[in-house]
Amino acid sequence: MTIRKTFPVIFAAAALASCSSDDAVKDDGPSEVTFPEDFMWGSATAAFQVEKGLGNTDWGIWVKTPGKILNGDDPDVGGPDALANIDADVAVLKAANQNTYRFSIDWARVYPTRDAFDSDQPDADALAAYDKLFAALRAAAIRPLVTMQHFTLPDWLSDPRAPEEPQGWERPETVPAFEKWCQRVAARWAGEVDWWVTINEPLVAPLAGYVQGSFPPGLVLKIDRALEVGRQEVLGHAKCYDAIKAADTIDADGDGKASWVGIVQHQRAVEPELPDEPADVAAAERVRYLNNLWFINAVVRGDWDDDFDGNLDGPKDRKADPALANRSDYLGINYYSALTASARGLVLPVIDASIRLDRLDTDRPKTDFQWDIYPEGLRVILEEVRPYNLPIIITENGIADSADRNRARYVLEHLFQLGLAREAGLDIRGYMYWSLLDNFEWAHGYCPRFGLHTVDRATAARTARPSTAVYANAAKTNKVTRAEIDALPPYGDPTYCE
Ligand code: FCB
C-alpha cells in the first residue's frame, strides 16, 4: 500500500508554514487564559466521513476502487452512521458542554441525480434527516455551523472513472450549480443556521486529487488542472457567498446578523526544511503564500493572482476585483501542524518547492498520523491572518491518538495558544475540535482515530474518551490554566497508524 509514502506530497501542495516570529510565540505569559461567555465551543464532522449511503459521490466511487483506501475500509461498513444516530450525537455534544456543532450537508444526498437537481426535486428522506438534526440541535441549544461542500461532489459533476476528462470544479457547469445549491440550502434552513462555510479547504482537494493522487480523480502531478480547480473554487465561493446572503435573511440566533459566511482554509506553519539554506527559506515563502494566503487574498481583498506567482503583475491578474472582494465575514481556520518546504526533492512546478507534511525531521512529538504536535504554530498562523482584520473561528484542530494518551494535552495546549492570541487582540470567536467521533479519514479509512468519542464498529455506540472531560471542562469554565496542563503527563509515543 503506497498511500502512506505518498501522503506527504499531497498536502504538499497544500502546505504552509511560516513567518514564524518566534517572539510572538515564546511568551512566558499568564498562568491562565480565559474565553468569553459567548465563545463557540464545539466539534466538527463532515458528511462523507460520518454518514452512510453516499455512493453517488466522487468519493463513493473512489472508495470502491481497489487499492485506494487503507485496509480497503468502506464508509458504509462500521462507521458512525450519523443520520441514524442523531440523538446520540446531540447527547454527547451536550454532555461535553458544547454549544456549537460543525457538520456538512451533502449535495448528492439531497439531489441524487442531475435531473433531480435541475428540476429542484430534493430527496424527501434527505431533507427529513437534516431537518431532524436541526431540530435536535435546536432543542439542545446547540448552534449549527454548516458546511456547503466538504471534499465530496455528486457523481453527476465529478466521476473519478474518467480522470482524463474535466471533473468537478473544472467543469463549467459546476460553479453555477454550486451557486444554486448554496441558495437552496440557505433558503431552506435560514431559520436554523446563521453560521455558514462555503467550501472546506479549497486547496487540499485539488492538491490531493491532481498532484498527489490520493483523492479523486486520482491524478499525479497535474499541476495546471489543480490550479484551475483552485481558481474555480474562488469563483464558486464568491457566488455561494452572495447566494447565502440573499437567501438567509433570518437572524436565527438573535445576534443581530442573519448570516456569517466564511471560507475554511487548511493552514500550516510553513518552515524551511533547512533553515540555514536560503533556497529552502525561499521555497517555504512560496509554499506559505500559495497555501495560506492565495485564496484568502482573492476572497477578502479581491486580489486575483491568476498565475500564482505572488504578485499582481500578470496579464490576467486583478487587484481589488469587486466581484470577489469582501466575501468572507470571518475566516475559518483548520490548524493541525507544521510542514516543511525545500528546494530539493520532488520539486513541484509553479511553487518550485517540495513539501513534507508528516514525519518531519524535527524533535517535536508526533501524532498517530505522524504529524508534528506544534501548538505554538497555531499562533504563528493566526498572526499571519491578522492583516485581514476579520473574526476567526478555529473550524478544525485535533489529533489522531487511538490510545488517547496525548489528546488532553494537545487540546489544552492549543487552547492556551488560542487564548494568548485573543489577548494579543485577535477576534477569535470559537474552537471546533476535529472530530466529535472517530470516522472515515479519507484515504486512510478508519485507521486514524481523531474522535473525542469512539464508535463501536458493530453497534455504532458512542463512548467518550477520557480526554473529552478535559475539553468539556474548558468549555464549561471558559478557562485553561497552565497548572492544568502541567498536571497532565508529557506527550507519549504515538501508535502509528498504517
Ligand atoms: C482536514 C479535513 C477533515 C479531516 C481532518 C483530519 O484536512 O478537513 O475532513 O480529514 O483533516
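FYI, side chains are in, hydrogens and waters are out, and symmetry mates aren't considered; it's all heavy atoms of this structure. Order of listing sets the numbers, starting from 1, for every ligand and every atom in it.
- The residue among F369, F450, Y336 with a heavy atom at the shortest distance from atom 5 (C) of ligand 1 is Y336.
- With a 6.0 Å radius and a threshold of 12 heavy atoms from other residues, nucleotides or ligands, R457 has its CZ atom above the threshold.
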Problem - Intermediate values then yes/no, ring-ring contact (aromatic ring centres under 6.0 Å, His included), W62 and W442 - result: CA-CA 10 Å; W62 183 247; W442 309 111; over 10 Å; no
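- The closest non-hydrogen atom to atom 1 (C) of ligand 1, taken over H444, Q49, E396, comes from E396.
- Neither the backbone nor the side chain of V204 comes within 4.0 Å of ligand 1, counting heavy atoms alone.
- Residue-ligand proximity, H150 to ligand 1, at heavy-atom distances under 4.0 Å covers atoms 2 (C), 3 (C), 8 (O), 9 (O).
- Atoms of ligand 1 found under 4.0 Å from any heavy atom of E441, numbered from 1 in the order shown, are 4 (C), 5 (C), 6 (C), 10 (O).
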Problem - Y433 and W41: CA distance, side-chain angles, deciding distance, ring-ring contact (aromatic ring centres under 6.0 Å, His included) verdict - result: CA-CA 8 Å; Y433 178 81; W41 294 104; over 10 Å; no
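- Side-chain atoms of T147 and N200 form no donor-acceptor pair, as typed in the model, at a separation below 3.5 Å.
- Remark: R364 is positioned above the aromatic ring of Y374, its terminal NZ or CZ atom under 6.0 angstrom from the ring centre and at most 45 degrees off the axis.
- Close contacts of ligand 1 with N200, meaning ligand atoms under 4.0 Å from a residue heavy atom, involve 8 (O).
- Taking every heavy atom of both residues into account, P144 and E192 meet most closely at CG-O, 3.4 Å.
- Taking every non-hydrogen atom of H266 and a distance limit under 4.0 Å, the qualifying atoms of ligand 1 come out as 7 (O).
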